[in-house]
Enquirer: 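Structure in structure tokens, see below.
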Protein chains: 2
Amino acid sequence: MPATGTDTLPAAPMAPRMEDVARLAGVSMMTVSRALRAPGTVSAPMLAKVRAALRQTGYLPNLVASGLASSRTQVVAAIIPLISQPFAPTLQGMTDVLRASAYQLVLGVTHYDPRQEEALVRAFLSRRVDGIALFAGGHTEETVAMVRQSGVPLVEMWADPATEVLVDSVCVSQRLGAREAVRHLRARGRRRIGFIGGATANNIRQQARLRGYLDGLDEAGLPDDPAAREVAGCFLMEAGAEALARLLTRRPDLDAVCVASDILAVGVVFEAHRRGLIVPDDLAVTGFDDAEIARAMYPSLTTIDMKAEEMGRQAAAMLLERAGQGGRVDLAAMPSRRCDLGHALILRESS
Amino acid sequence: MPATGTDTLPAAPMAPRMEDVARLAGVSMMTVSRALRAPGTVSAPMLAKVRAALRQTGYLPNLVASGLASSRTQVVAAIIPLISQPFAPTLQGMTDVLRASAYQLVLGVTHYDPRQEEALVRAFLSRRVDGIALFAGGHTEETVAMVRQSGVPLVEMWADPATEVLVDSVCVSQRLGAREAVRHLRARGRRRIGFIGGATANNIRQQARLRGYLDGLDEAGLPDDPAAREVAGCFLMEAGAEALARLLTRRPDLDAVCVASDILAVGVVFEAHRRGLIVPDDLAVTGFDDAEIARAMYPSLTTIDMKAEEMGRQAAAMLLERAGQGGRVDLAAMPSRRCDLGHALILRESS
DNA sequence: CTGAAAGCGCTTACAG
DNA sequence: CTGAAAGCGCTTACAG
């Protein structure tokens, strides 16, 4: 069977286009387009014809084409440091809100690297997303320049109220939260309160929490002892465990540790048990974020609730509002908005 | 100042287009397009002119337009049940692989609901993604029909090797894994081995793990005691704790529990401690997935490694390969591919 | 190696 | 309320 004529082959089953639906319904493309986006503006008989044709063809609108024509992609980007606690709930909150508005979420992970954040912002601007949610602080100059020039709606999440932000932001009181943790430990009679946190470079959250710890010591008239502070290598439980081990080598007499992350705090509690220390009797521990495990573990973990999921919901809502108002944002002219979620000390068994 | 003439207003700072770059460089749009996508096909002097213009304008290609023109969006969709352990590492693996190929990831969350999965598949097909990664099993008929008709490259993740899949798949031996967990507990001398898992409706992973547990009992000549099995209400640690509480009410003499999820198993261990039971002396516990906490907790958790991150990497790689080969997939004509990651028993302190 | 033309599948803006 | 025309910003396919 040589040289099969192309006319004898079944046509490639192309996805039906709006024009196909229109022809089948006996109306113009515009009527189909309206029936889809604003059914109220189409007469009942027309609408019925269109809907029948829609059903018959199994038509799926091409959102790439509509994105090009309308300059609105109905896509929002989320840029997070890691796909893990406590950021996963923030992502969850965003997808929940976006779903209700038929928006989709594109995801980028920076691994706490400002250069990777820059590459992601560039990629998302190229995709003409309708908004970008990212973490406050630690941006390169180029990232800031691109965002400003593009005018894309932007919201910075996990900012401390004192953080300088670019435009809109959702913030939580991280500095006050850490101070409250120290106050609480003092009220429980603890006198030698250590601190374990993550690296502060490019991480304004860890910076604010460390400052809050120092505020707390200061307020209590306790001296800051740098040897009673330790930095965990990364945000893994094991890194928290290792940090406690190093800390106890230098300061075996600590009776409390304020830990700037639940993930690290969980590792701290496990390491304490491993060493035969009883939490909280021998060592009180407070965490940060109120991750799932803080409530579930035994002993349960006293922590500062950062409202991770609500933060995602608010960020998505702010982005949708900007997008609904027309899209472009002039950073110089528009008033920026801030949503402050505060913080909450959650008392549990570990302190 | 009435009626400001529009010609006196500064033009809205539109993002530069390829045409603007071409004009500045004194070349045609095609040359700019080639310089961007296949620099090797452009002469050195031309390339230099284009690159200078690119730099000067700060041009960001419009990927929406190029997606429409080329029918390739460079976007892949991931549809997962929940943004949490053990799926977060799968997502992480996908983003890592996709980043290297300049693909982006759109995310959808089903909450284990086939109807939500269907809505997400529809939305992603409308966006003309170049591939979809979703979880094996639990699809509606409509989901299957849409995927088949669209011909979009698809890969099902977290399948058991025996699972019937639509096209390509990445699988892990969940049934064999559970059997091995029971074997291990038997070898440790345990005789009354209970089981805790999640709901099996729409969840082939939990189905396979339960079957593997029954295989293990059968192999050991132990009778299946339905009262020694319990279903957790959801995949939260607390649900695991509650499940153990119910189980011990009926069968207080269990000396081991095979748990079909690390998250649940962690809750089981905490609940055991809460009740003064020593793990593993009084109660041995095995988990499933090898989540971060399995290694970090004290006592550390014996578990079955499901290679969550590698699964994401493989799924992304398979999708990229299909996309690179031209895109459309004819399910009837093309051979489907399967990647089997096996499983591994990780021995730790809890058993 | 370079470019002019046509077209991807929609929506915007304007008529009627 | 409905429709014909133009255009969104690229790439494909074809010439030279």
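Naming: A, B, ... by sequence-line order, numbering from 1 per chain.
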Enquirer: For D/dG9, take OP1 and OP2 only and decide whether either is under 4.0 Å from a side-chain N or O of B/Tyr59.
Expert: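 Negative; the distance criterion is not met.
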Enquirer: Return the value, rounded to whole Å, for the distance between atom CD of A/Glu19 and atom C1' of D/dA5.
Expert: 14 Å
Enquirer: With a 4.5 Å heavy-atom cut-off, do B/Leu107 and A/Leu91 have their side chains touching?
Expert: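 When only atoms from C-beta onward are counted, A/Leu91 and B/Leu107 do touch, with a gap below 4.5 Å.
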Enquirer: Do B/Val50 and B/Val42 have side chains that get closer than 4.5 Å, going by heavy atoms?
Expert: no
Enquirer: To the nearest 0.5 Å, what is the distance between CE (B/Met157) and CE (B/Met94)?
Expert: 5.5 Å
Enquirer: Which nucleotide in the set D/dC10, D/dC8, D/dT2 lies at the smallest distance from any side-chain heavy atom of A/Ala69?
Expert: D/dC8
Enquirer: Check the distance between C/dG9's C1' and A/Leu60's CG and give it to me in whole angstrom.
Expert: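 Those two atoms, CG and C1', are 14 Å apart.
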Enquirer: As a check on the pairing definition, encode DNA chain C in dot-bracket form, counting Watson-Crick and G-U wobble pairs whose two distances are under 3.5 Å, and using | for partners outside this strand.
Expert: |||.||||||||.|||
Enquirer: Could you check how far CZ of A/Arg127 sits from P of D/dG9, rounded to whole Å?
Expert: 17 Å
Enquirer: Quick one: do B/Ile132 and B/Leu125 satisfy side-chain contact (heavy atoms from CB on, under 4.5 Å)? Show the steps, please.
Expert: CA-CA 9 Å; B/Ile132 301 179; B/Leu125 290 179; 4.1 Å; yes
Enquirer: Rounded to the nearest 0.5 Å, how far does CD of B/Gln92 lie from CG of B/Leu105?
Expert: 10.0 Å
Enquirer: In whole angstroms, how far is the P atom of D/dC10 from the CZ atom of B/Arg72?
Expert: 18 Å
Enquirer: Can you tell me how far CG of B/Leu63 sits from OG of B/Ser70, rounded to the nearest 0.5 angstrom?
Expert: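 Taking OG in B/Ser70 and CG in B/Leu63, the distance rounds to 8.5 Å.
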Enquirer: Out of curiosity, A/Leu319 CG to A/Asp130 CG, how far, rounded to the nearest 0.5 Å?
Expert: 9.0 Å
Enquirer: Starting from P on D/dG9, measure out to CG on A/Leu68 and report it in whole angstrom.
Expert: 7 Å
Enquirer: OP1 or OP2 of D/dG3 sitting under 4.0 Å from any side-chain N/O of A/Ser28?
Expert: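 Result: yes.
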Enquirer: For the pair A/Trp158 and A/Phe135, name the ring-plane relationship: parallel under 30°, tilted 30 to 60°, perpendicular over 60°.
Expert: parallel
Enquirer: Return the value, rounded to whole Å, for the distance between atom CE of B/Met29 and atom C1' of D/dT11.
Expert: 8 Å
Enquirer: Return no unless some side-chain N or O of A/Arg34 is found under 4.0 Å from OP1 or OP2 of D/dC1.
Expert: no
Enquirer: Does OP1 or OP2 of C/dT12 have a side-chain N or O of A/Arg37 closer than 4.0 Å?
Expert: yes
Enquirer: Round to the nearest Å and state the distance from B/Arg128 atom CZ to C/dC8 atom C1'.
Expert: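 Atom-to-atom, B/Arg128 to C/dC8, this comes out as 11 Å.
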Enquirer: So, is B/Ser66 close to the D/dG9 phosphate, meaning a side-chain N or O under 4.0 Å from OP1 or OP2?
Expert: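 For D/dG9, OP1/OP2 do not have a side-chain N/O of B/Ser66 under 4.0 Å.
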Enquirer: How long is the gap from CD on A/Gln116 to CZ on B/Arg99, to the nearest 0.5 Å?
Expert: 4.5 Å
Enquirer: For C/dT2 and B/Thr31 - does any side-chain N or O of the residue sit under 4.0 Å from the phosphate oxygens OP1/OP2?
Expert: no
Enquirer: Among residues 42-54 of chain B, which contact DNA chain C at a heavy-atom distance under 4.0 Å?
Expert: B/Val42, B/Ser43, B/Met46
Enquirer: D/dC10 P sits how many Å from B/Asp20 CG, rounded?
Expert: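 It is 9 Å, rounded to the nearest whole Å.
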Enquirer: Nearest nucleotide by nearest heavy atom, which residue falls closer to the 5' end of DNA chain C, A/Met18 or B/Met30?
Expert: B/Met30
Enquirer: Can you tell me how far the CZ atom of A/Arg313 sits from the OG1 atom of A/Thr90, to the nearest 0.5 Å?
Expert: 11.5 Å
